[in-house]
Amino acid sequence: FESSGGFSMFGRSTPKLSLTGFGYHMFQDMKQVYPVEDTLLHRIQGFLLRKQSRSGYWYDRSAEHQLNQTAYIAWALARSKSKTHRLKRRRALKRAYQYIKANQHRATQPYTPALIGHFLHASKLGRTLLRNTLTKLQKKSIKADDWVHWPADSYTLFDSHGRTGSIEVTALVAALL
């Protein structure tokens, strides 16, 4: 359910940043094959831009998810081709980049560098940091026979964990590489 540009699961609670970022990703993808109103994308983008902290992060969950949430939402905004909010979006992406650059060392599981890598690739910010992120991901891979995967050592933004989480993380890394 949409509320003020953000999305919540059941329409009764405050919009959730991760869900709104997910919606923004999906509506941008959908627009490639089906008409999506630009006003909807503008509302979502405006909501996400308003919710960024001055320090560059997005946050509405536990501190553990702050870096993940920031990388995920920044990735969604970096993918935008909209001319609306272009200058605000660029400034927001630069603030997110500075936050991620200063805090990426906290990433202990492959999920976080995968999200960071997608943001860096989409935004074209921080080529050196992107190379370092890809190297970190290669080191965190698990090789077995003729296949490779990346584990989910904790919950993802959408509460995947264990085998399902590992599939999500591996898909993110594979799409990045």
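Computed from heavy atoms alone, side chains included, the values below leave out hydrogens, waters and symmetry copies. Every value quoted in this text rests on a predicted model; they were computed, and no experiment measured them.
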Note to self: To the nearest 0.5 Å, what is the distance between NZ on K101 and NZ on K94?
What the structure shows: 13.0 Å
Notebook entry, point to check: Any luck finding a side-chain donor-acceptor pair between R163 and S166 under 3.5 Å?
Noted result: no
Check: What about F158 and Y72, are their ring centers closer than 6.0 Å?
Finding: yes
Checklist line | R89 (side chain) donor-acceptor with T84 (main chain) under 3.5 angstrom | finding: yes
Notebook entry, point to check: Any side-chain heavy-atom pair from S160 and Y155 closer than 4.5 angstrom?
Noted result: no
Next item on the list: Taking all heavy atoms of V169 and all of P110, pick out the closest pair and write down the distance.
Entry: CG1-CB, 3.8 Å
Checklist line | Straight-line distance of N68 CG to R106 CZ, nearest 0.5 Å | finding: 9.0 Å
Next item on the list: Would you name the heavy atoms of Q109 and S154 that are closest together and state the gap between them?
Entry: NE2-OG, 2.8 Å
Next item on the list: Identify which one of T133, I100, T128, N132 satisfies the side-chain contact (heavy atoms from CB on, under 4.5 Å) criterion when paired with L120.
Entry: T133
Checklist line | Residues T108, D153; criterion side-chain contact (heavy atoms from CB on, under 4.5 Å); working and verdict | finding: CA-CA 9 Å; T108 59; D153 298 331; over 6 Å; no
Check: Which heavy atom of A74 sits nearest a heavy atom of A96, and at what distance?
Finding: CB-CB, 3.9 Å
Margin query: So Y57 and L67, do their side chains get closer than 4.5 Å, heavy atoms only?
Written below: no
Check: Between Q69 and W58, what is the shortest heavy-atom contact and its length?
Finding: OE1-O, 3.5 Å
Checklist line | Cluster link L87 to L125, ILVMFWY, side chain under 4.5 Å | finding: no
Margin query: Are V148 and I142 packed together at the side-chain level, in the sense that at least one heavy-atom pair is separated by less than 4.5 angstrom?
Written below: no
Notebook entry, point to check: Taking the side chain as C-beta and beyond, is there a heavy-atom pair between T156 and T164 under 4.5 Å?
Noted result: no
Notebook entry, point to check: At what distance, to the nearest 0.5 angstrom, does CD of Q28 lie from CE of M26?
Noted result: 9.5 Å
Notebook entry, point to check: Under a 4.5 Å cut-off applied to non-hydrogen side-chain atoms, are F47 and T20 in contact?
Noted result: yes
Item checked: For S80, the option from R86, Q45, H85, H42 that meets side-chain hydrogen bond (donor to acceptor under 3.5 Å, both in side chains) -> Q45
Check: Do F119 and L93 have side-chain heavy atoms sitting under 4.5 Å apart?
Finding: yes
Item checked: ILVMFWY network linking I167 to L172, side-chain heavy atoms under 4.5 angstrom -> no
Check: Can a donor-acceptor pair be found between the side chains of S141 and K143 at a distance below 3.5 Å?
Finding: yes
Next item on the list: Kindly compute the distance separating CH2 (W150) from CG (L177), expressed to the nearest 0.5 Å.
Entry: 5.5 Å
Item checked: Spacing of CG belonging to L48 relative to CZ belonging to R50, to within rounding of 0.5 Å -> 9.0 Å
Check: Does the pair L115 and H118 meet the rule for a side-chain contact (heavy atoms from CB on, under 4.5 Å), with working shown?
Finding: CA-CA 5 Å; L115 293 174; H118 278 285; 5.7 Å; no
Checklist line | OG1 on T70 to CD1 on I116, rounded to 0.5 Å | finding: 9.5 Å
Margin query: Please say yes or no: joined through hydrophobic side-chain contacts below 4.5 Å, possibly via intermediate residues, are M9 and F27 part of one cluster?
Written below: yes
Check: Which heavy atom of L157 sits nearest a heavy atom of S18, and at what distance?
Finding: CD2-OG, 3.7 Å
Next item on the list: Kindly indicate whether the side chain of V173, heavy atoms from C-beta on, has any atom under 4.5 Å from the side chain of Y111.
Entry: no
Next item on the list: Measure the shortest side-chain to side-chain distance between Q104 and K136 over non-hydrogen atoms and say whether it is less than 4.5 angstrom.
Entry: yes
Margin query: Please confirm whether the ring centroid of H25 lies under 6.0 Å from the ring centroid of W75.
Written below: yes
